[in-house]
Amino acid sequence: MKIVLLLFTAFTLQAYSNNAVKKDPALKDALKGKFLIGVALNTHQSSGRDTAAVRIVKEHFNAIVAENCMKSGELLKEKGRYDFTDADAFVKFGTDNNLTITGHCLIWHSQLPAWFCVDDNGENVSSEELKKRMKEHISTVVGRYKGVVKGWDVVNEAIMEDGSYRKSKFYEILGEEFIPLAFQYAQEADPEAELYYNDYNEWYPEKRKTVIRLIKTLKEMGIRIDGIGLQAHVGMTNPTIDIYRETISDYAKAGVKVLVTEFDMSPLPEPRRMGGANLADREAYRKEIDPFTEGVPQEVMLAWNNRMMDFFHLFLENSDHMLRVTMWGVSDGDSWKNNFPARGRTDYPLLFDRDHQPKDVVTRLITELSDKNP
Ligand code: XIL
């Protein structure tokens with residue numbers, strides 16, 4: 001009896017130590033040498049309060065971006081007074097954990113303080129005044145994190161699907177020039193930082209043409225642009241993998257790197273024809289666009305995992321051109337998609353489920369890549 005017990009103890013100890021040594025590979029290890037794998041953090045996560053999410057971030061990801069706290073409207077809740085509390089905590093989380101940090105975003109028409117482009121009477125400010133305000137904002141924010149934030153989404157969402165410029169206040173007051181100016185100010189504030197133009201639906205052919213024209217214009221002006229950020233808030237049918245392949249290739253040919261910056265894939269019915277992420281286009285809640293409140297049917301999840309694999313295969317195939325793939329949130333419960341384009345839906349767009357468990361695509365990717373590079 002004693003011998004049996006001894007053998008049993010020895011066996012359990014051995015199994016335990018094997019386990020301790022042989023840790024399952026993480027997503028970031030599997031993707032090493034291909035591209036960075038990033039995730040957007042909310043302030044519960046970057047402050048460390050959401051410990052379940054923090055565990056996932058530390059294990060699987062090597063890059064982070066702030067979901068909200070670096071946007072101008074968040075930094076400038078009061079006119080003329082910056083509050084960097086959350087942004088500083090976010091950056092500290094990144095440096096403490098050795099993560100590549102992206103700044104999101106400098107010039108955007110949304111989550112912008114209402115006063116930014118107007119005077120005390122609500123009239124548009126002059127072009128000179130807006131340039132001054134943009135320069136001040138960019139140099140304050142970029143300057144504060146100089147050498148620490150690796151790259152910036154300098155301008156976000158300035159071009160429409162039909163290839164025209166969005167009629168934002170920046171465009172109304174400065175015309176197309178506001179984009180080169182923003183890039184120039186960012187470059188001056190941190191000459192080492194990477195500079196990106198970020199947008200959604202950049203696979204629409206007309207939009208693509210204008211973005212490529214913008215890249216050329218910047219280059220001709222001697223202003224640096226390092227990458228195009230594809231937000232990639234996608235659904236189950238749009239965009240096709242083929243059109244995405246063509247898009248990545250077109251941007252690479254224009255002489256910039258490509259980043260997937262806000263990846264999520266909703267398995268819910270798409271209520272909007274255009275797709276994408278225009279925050280102003282909201283939908284009323286209807287039960288028929290929220291079918292999975294009690295959980296996703298297996299066949300839907302299978303299709304979702306397969307399509308996710310297809311996207312990751314496409315990114316891997318293009319890894320020479322890709323700097324990073326960033327998920328827009330840690331787990332399904334955190335996702336903004338639960339409230340966009342309709343409020344109060346139950347969505348399932350991320351790599352980890354509501355219980356913080358990895359979805360099949362994570363395990364499949366890790367296994368596939370580890371088999372190739374044992
Ligand atoms: C979203 C955030 O996820 C939400 O929490 C917030 O309420 C609105 O903005 N395009 C972008 C992101 O560039 O900044 C947006 O993030 C999603 C669409």
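Atoms within each ligand, like the ligands themselves, are counted from 1 in listed order.
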Tell me whether Arg224 contacts the main-chain N or O of Pro191 through its side chain, where contact means a donor paired with an acceptor under 3.5 Å.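 Yes; at least one donor-acceptor contact below 3.5 Å.
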
Side-chain donor or acceptor of Arg166 paired with backbone N/O of Met160 under 3.5 Å: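 No, Arg166 side chain to Met160 backbone: no donor-acceptor pair under 3.5 Å.
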
Is it true that, when you exclude His313 itself, more than 12 heavy atoms of the residues, nucleotides or ligands shown sit nearer than 6.0 Å to its NE2? yes

Under 3.5 Å donor-acceptor pairs involving side-chain atoms of residues 145-155, not counting sequence neighbours:
from: Tyr145; atom 1: OH; to: Asp88; atom 2: N; distance (Å): 3.4
from: Tyr145; atom 1: OH; to: Asp88; atom 2: OD1; distance (Å): 2.5
from: Asp153; atom 1: OD2; to: His104; atom 2: ND1; distance (Å): 2.8

How about Phe263 and Phe315: are their ring centres within less than 6.0 Å of each other?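 Centroid distance Phe263-Phe315: below 6.0 Å, so yes.
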
Less than 6.0 angstrom separating the ring centers of His233 and Phe340, yes or no? no

Record the part of [X] in heavy-atom contact with ligand 1 below 4.0 Å; permitted values are side chain, backbone, both and neither.
{"X": "Asn68", "answer": "side chain"}
{"X": "Asp153", "answer": "neither"}
{"X": "Trp328", "answer": "side chain"}

Looking only at non-hydrogen atoms, which of His233, His104, Gln231 approaches atom 14 (O) of ligand 1 most closely?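 The option holding the nearest heavy atom is His104.
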
Any idea which protein heavy atom is nearest [atom], and the distance to it?
{"atom": "atom 8 (C) of ligand 1", "value": "Gln111 OE1, 3.5 Å"}
{"atom": "atom 2 (C) of ligand 1", "value": "Glu67 OE2, 3.5 Å"}
{"atom": "atom 15 (C) of ligand 1", "value": "Lys71 NZ, 3.8 Å"}

Salt bridge (charged side-chain N to carboxylate O under 4.0 Å, His left out) partners of residues 107-122, not counting sequence neighbours, each pair once: Lys79-Asp120

Could you list which atoms of ligand 1 come closer than 4.0 Å to a heavy atom of Asn156?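 By the 4.0 Å cutoff, the relevant atoms are 11 (C), 13 (O).
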
N or O pair under 3.5 Å between Trp108 and ligand 1: no

Please confirm whether Glu262 comes within less than 3.5 Å of ligand 1 when only nitrogen or oxygen atoms on both sides are compared.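 By distance alone, the answer is yes.
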
